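As the structure is a computational prediction, the values presented were derived from the model and not from experiment. To find a chain, count down the sequence lines: A is the first, B the second, and so on, and within it residues start at 1.
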Amino acid sequence: MRIGLAFRLFFKALAGGKTADELDAVLRGKTALSSPATASLSTTAERTAPEPKPAPKPAAPSQSEAITLLATLQREARLIDLVQEPLDQYPDAQVGAAARDVLRDTRKTLERICGIQPLLTEAEGAQVEVPTDASPMRWKISGAASASKRGTVVHPGWQATRCQLPQWNGIAADAVVIAPAEVDINA
Amino acid sequence: MSARFAVGIDLGTTNSVVAYCPLSEEKANVQLVPISQFVAPGQLETFRALPSFLYLPTAEQWESGVWNMEGEPYRNIVIGAYARQVSAEQPERTIAAAKSWLCHGRVDRRSPLLPWNSSESMEKLSPVEASKYLLIHLIDAWHKHQPAAPLCDQIVVLTVPASFDMAARELTREAAIAAGLPENFTLLEEPQAALYHWLQSQGEQWRRKVKKGDVLFVCDVGGGTTDLTLVQVEEEQGELALKRIAVGNHLLVGGDNMDLALAHFLAQKFAQRGVKLNPWQSVSLWHSCRKAKESLLNQGGQDPQTIAVLGRGSRLIGGTVQTEISRTEAEAILVDGFFPRCGVEALPQRQPQSGFQEIGLPYEHDTGITKHVAHFLSNQSTAKAIRPTHLLFNGGVFKAAAFRNRLAQVVSSWSENESGSIAALGELEDLDHAVACGAAYYAWSSSHGGIRIRGGTARSYYVGIESAGLAVPGMPRPLQALCVVPFGMEEGTAIDVPSREVGLIVGQPVRFRFFASANRKEDKPGSMLKWWDEEELVETAPMELVLQADAVPDEGFVPVKFHSKITELGVFELWCQSVRDNQRWKLEFNVREDAEV
């Protein structure tokens, strides 16, 4: 059957005219076979009127993924509390005490959500061959401008192996919330 | 529709996991079902485990819509990570350890009493309902993962603690059917499931790792409970076979106790320096201890380690207090506290009897798990304690090598020959998921002809019968116990219990006290016990039936004998068989009437 169709298309195209132009457009991916003239070419294609589109639902409010990530890091590691606090008033040891826990939990959370891994398997200081078509996003080249593409890894880079953010559902006005206000009800 | 998957559900005291395995594949390929759950209002995240916590929000909170899950499998309840997180801050709105309440014989397990100790005005759930909602959440997760394979069409295995008695198993089944599990699902004991997981990991190799006569000891220490099981390696027609020979009592001690013990110790350290922790900081300290527990015991980690309690409010750095704990201190609290060195004759301290007892969960008085193990092993025979040859760890607690090593050392020290050290079985990466995976493998192997651990009932069961004789005013008639189910009665068998005839009164509830024993292994069906040790026979929920007057035409009572049956699915049935004709009536557990609440 496909052979039959192919032959008919071949001869229509050879004959030129409107049909040929349309076929040309279809093959270039510019348009779909839709006019009555072209639809008649096909023996099997069903001609169905496009379904009347249902009235578009109001889009559910969404939250910027960046805010979802900040909210997650605050919830699980209190990262926003840490970076928002003025540091001048505290000695380093006090900052360190708080930071140790926050950083540990931040890393754990980022690991779960993004699966952060080095971009290069080679360790820092190792010799590596830079591909000729190296993307500047993946490779930051420094040093002598020579024909050689060998170099020493200064930083292996980072990549996210996944991005599994929590799903957010709430009302539009709450989409900016990173952490709720906490209130202790007096007994 | 025929089943496409074998599904194993681990309904845990603190965490629940669902594993599955396509039936079509020739090699069991077990995977975990991702479980979507709230981590904050309006924030859904997917994890491989569901914390078995329920949070009951206010009606207004629920109506705000932030707790809406796709398809709304239930209303007015939030289950999982968020519920666990707020359980410490809002105990009167959260339900924890519903499963331990399910086997707590001193409360009415079908009446709404959870959250325990919350105000009267709160809407509450019964332990059975709470378990049902946890299962509904798990079933919903399954359907979101495999929408084309309804769970009721699959081969499903649900695990229960080996220590669960008949009544608790029955209630679990009731909750499971109400939640939507297929009627023909199977109950499997958790330590056995862990052992099946090991068997799967070994393939046929397991036959080389153990030999006839070996005794495998499964020690399952979860968040809230400890479950003990012994499995013996036997030989049948030249093939090695496995038989479960003993299970321990339900012990309410686990990883949560350890975190709390550590937190308590550190709170004292703070107090010595004049830092008094407020309730919020105490909760925070408890969380820090949970996180630090493993690394504290790890060789090669920092020593001493800093434990910080972050400041509340946005003043994080300014409000942070910290203290140090050395590995020696941590080992003293955790390893010596929970796995103390002891002899095999050691006895756990009993709860001091007092006139006034709180009804809440009967937590173990003695947190020495090794002592409970010693008691368990000594109790199995009158002659001498059983000496296991192999040890299988299960439960997240055993991620810490210090616990594994200590338990192995202590159990080895009980060996009669000097060199008799116990061999550890199994991998460690699956400690949190082994039960669900093992259950799925068990379900898979039921259609692929894998090995079965035999064992039958883990206890013998008795009906209490008042002895005839002269009544003494003010004294109850002496009670005798008639054995109706012997230890190790296998699934798919039935027994006519030889005994004297018992008269069933027509038209009013007939009630039998019911007892279970984990260590009277020699009693035969029909054995009549006139006297027993209080520890030997434990009373469970009574069994009863009402004989309708029109069911029996003649006089006021019907003489009957007992007929007991364990179905292929492990469901226990006790029948009263008329000795006059073929009529018989089934007794049901009554978990309501004996309640003290």
Side-chain angles (χ1 to χ4, degrees), chain A residues 60-63 67-105 108-109 112-113 162 164-175 177-185 187, chain B residues 34 36-48 58 61 63-70 72 80-82 85-86 89-90 92-93 119 144 278-280 284-285 287-292 295 301-302 305-324:
Chain A
S62 63
Q63 187 179 44
I67 295 181
T68 306
L69 182 62
L70 289 181
T72 307
L73 290 172
Q74 164 64 12
R75 186 170 63 243
E76 305 216 0
R78 301 191 59 194
L79 183 66
I80 310 302
D81 283 345
L82 182 73
V83 297
Q84 286 297 104
E85 196 161 2
L87 295 179
D88 305 343
Q89 46 184 324
Y90 304 117
D92 287 357
Q94 180 75 12
V95 177
R100 180 185 290 279
D101 279 31
V102 173
L103 291 175
R104 179 194 62 203
D105 293 346
K108 225 171 106 186
T109 308
R112 194 182 77 227
I113 291 176
R162 57 177 170 262
Q164 294 173 340
L165 280 167
Q167 258 179 54
W168 183 88
N169 66 345
I171 57 171
D174 291 343
V177 175
I178 295 172
E182 294 182 35
V183 178
D184 217 1
I185 302 295
Chain B
S36 171
Q37 54 199 283
F38 283 102
V39 289
Q43 306 261 17
L44 274 168
E45 225 182 309
T46 299
F47 300 102
R48 301 199 296 175
T58 61
Q61 266 194 16
E63 291 308 325
S64 74
V66 293
W67 302 119
N68 277 5
M69 279 185 76
E70 191 194 332
E72 199 173 72
Y82 182 73
Q85 190 207 320
V86 295
E89 295 157 28
Q90 300 187 51
E92 64 296 334
R93 292 209 158 267
S119 71
K144 282 173 178 152
N278 61 30
W280 185 89
S284 177
L285 175 63
H287 285 303
S288 304
C289 288
R290 175 159 44 208
K291 289 176 191 161
S295 61
Q302 266 196 339
Q305 278 201 22
T306 310
I307 302 282
V309 178
L310 302 183
R312 199 183 184 181
S314 57
R315 262 178 44 113
L316 175 91
I317 302 172
T320 292
V321 289
Q322 56 169 326
T323 186
E324 283 189 339

Is there a side-chain contact between [X] and [Y] in this structure, where contact means two heavy atoms from C-beta onward sitting under 4.5 Å apart?
{"X": "Gln90(B)", "Y": "Gln85(B)", "answer": "no"}
{"X": "Phe47(B)", "Y": "Val39(B)", "answer": "yes"}
{"X": "Pro166(A)", "Y": "Arg75(A)", "answer": "yes"}

Does any heavy atom of chain B fall under 4.5 Å from the side chain of [X], the backbone, both, or neither of them?
{"X": "Asp174(A)", "result": "neither"}
{"X": "Ala93(A)", "result": "backbone"}
{"X": "Leu87(A)", "result": "side chain"}
{"X": "Asn169(A)", "result": "both"}
{"X": "Gln84(A)", "result": "neither"}
{"X": "Ala71(A)", "result": "side chain"}

Identified side-chain contact (heavy atoms from CB on, under 4.5 Å) partner of Leu310(B) from the options Asp105(A), Val102(A), Asp81(A): Val102(A)
Winner by heavy-atom pair count (cut-off under 4.5 Å) against chain A, out of Gly42(B), Ser36(B), Ala308(B), Ala40(B): Gly42(B)
Value rounded to 0.5 Å, distance of CD1 in Ile113(A) from NZ in Lys108(A): 12.5 Å
Check: Glu85(A)/Tyr90(A) side-chain N/O donor and acceptor closer than 3.5 Å: yes
Contact winner vs chain B - Gln94(A), Arg78(A), Glu182(A), heavy-atom pairs under 4.5 Å: Arg78(A)
Residues Arg93(B), Val86(B); criterion side chain to side chain contact (heavy atoms under 4.5 Å, CB included); working and verdict: CA-CA 9 Å; Arg93(B) 292 209 158 267; Val86(B) 295; over 6 Å; no
Under 4.5 Å from a heavy atom of chain A, the part of Gln322(B) involved: side chain
